[in-house]
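Data block below; observations after.
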Amino acid sequence: MNAKILTFSSHGDTTLLEYDPATADMEEINRVIAEYEAKTGAQPFDMATGERLEKVTREQNEVLMVHPIAGG
Amino acid sequence: MGLNQTLAVVYFRPASTGMVPAILSLIAFLTLVVWRFVFAGPHCRHLVRAIAARQKRHSNLLAEGLHILELGGAAAIADRPLENSADEQARLDRKDPAKRYLQRIAALTGATRMDDAYVLDVGKMQFHVRHRYVKRLRDTTDPDCAPEETCFYPVHKGMPKAEEIATALLLLTNNPGLFDKWAAQSGAFRADGQAFRPTQ
């Protein structure tokens with residue numbers, strides 16, 4: 001089963017990245033996540049536990065990039 | 001009766017040769033009139049009866065169909081006597097991806113729905129999160145603790161309301177201190193509490 005990096009969007013969700021966790025280069029996956037984080041401020045959360053992730057590993061099958069929120 | 005009248009016209013004016021076509025036309029017309037009343041009348045009445053019978057049968061079928069539907073509805077209700085409107089709402093929500101995510105994240109964070117808000121307990125704190133608005137009780141064990149309120153909005157535009165609430169639930173669960181940053185209205189903050197400038 002493929003793993004997904006996704007984010008919320010106007011139509012529910014958008015898949016940013018989909019990969020086979022058994023064979024994927026996790027360094028490359030984390031590099032893509034870091035780039036997305038630098039650009040949007042979104043940070044990865046494990047959708048199985050609801051916890052924020054410092055690094056995505058092969059254990060995660062569904063990772064949600066959570067965007068920043070401002071006070072108003 | 002009509003036929004007799006036609007014959008009378010023919011015998012009383014035989015010499016008028018110029019009138020022959022008109023007389024023939026009249027005969028034909030009257031014959032048609034006679035045929036119409038003598039033969040077609042019962043046929044029409046038969047047709048009317050047939051249509052009426054068909055309509056009655058159709059009405060009966062409709063009535064039977066409605067009766068079956070009513071019975072079916074009663075059976076469906078009887079099959080699901082414990083299903084209430086909240087279950088029905090949850091079933092409908094599963095069709096909406098944003099609401100589905102909110103339900104998943106509410107379950108992950110332990111938040112429970114209360115009216116239009118989600119109640120989230122983080123340690124002694126309790127948050128009431130609804131769309132773009134959050135209330136905090138700093139210490140639920142302290143009866144004198146007054147609620148504080150602030151607003152929030154996502155930097156990422158176009159997100160459905162349900163996902164905005166889901167985002168706030170995830171962020172507050174992992175970093176309840178974000179409430180103070182939102183209340184200070186000093187810009188946007190990432191999940192780890194670091195300030196974020198969209199131009200970065």
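Each chain gets a letter, A, B and so on, in the order its sequence line appears, and its residues count up from 1.
With respect to chain A, the highest number of heavy-atom pairs below 4.5 Å among B/Thr167, B/Thr173, B/Val155, B/Asp192 belongs to B/Asp192. Counting heavy-atom pairs closer than 4.5 Å to chain A, the top residue among B/Tyr133, B/Phe189, B/Tyr153 is B/Tyr153.
Between the side chains of A/Thr7 and A/His67, at least one donor-acceptor pair of N or O atoms lies under 3.5 Å.
If you measure heavy-atom distances from B/Ala168 to chain A, the contacts under 4.5 Å come from both the backbone and the side chain. Proximity to chain B (any heavy atom under 4.5 Å) is restricted, for A/Ala48, to the backbone atoms N, CA, C and O. Of the two parts of B/Ile105, only the side chain, counted from C-beta on, holds a non-hydrogen atom closer than 4.5 Å to a non-hydrogen atom of chain A. The contact between A/Phe45 and chain B is made entirely by side chain atoms (from C-beta outward), counting heavy-atom distances below 4.5 Å.
A salt bridge does not link A/Asp25 with A/Arg31: every distance from a Lys NZ or Arg NE/NH1/NH2 to an Asp or Glu carboxylate oxygen is 4.0 Å or more.
Of all non-hydrogen atoms in B/Phe179 and B/Lys135, the two that sit nearest each other are CE1-C, 4.3 Å.
One distance of note links CG of A/Leu53 with CD of A/Gln60; it measures 4.5 Å at 0.5 Å rounding.
Remark: B/Arg104 is not positioned above the aromatic ring of B/Tyr101, lacking an NZ or CZ atom under 6.0 angstrom from the ring centre and at most 45 degrees off the axis.
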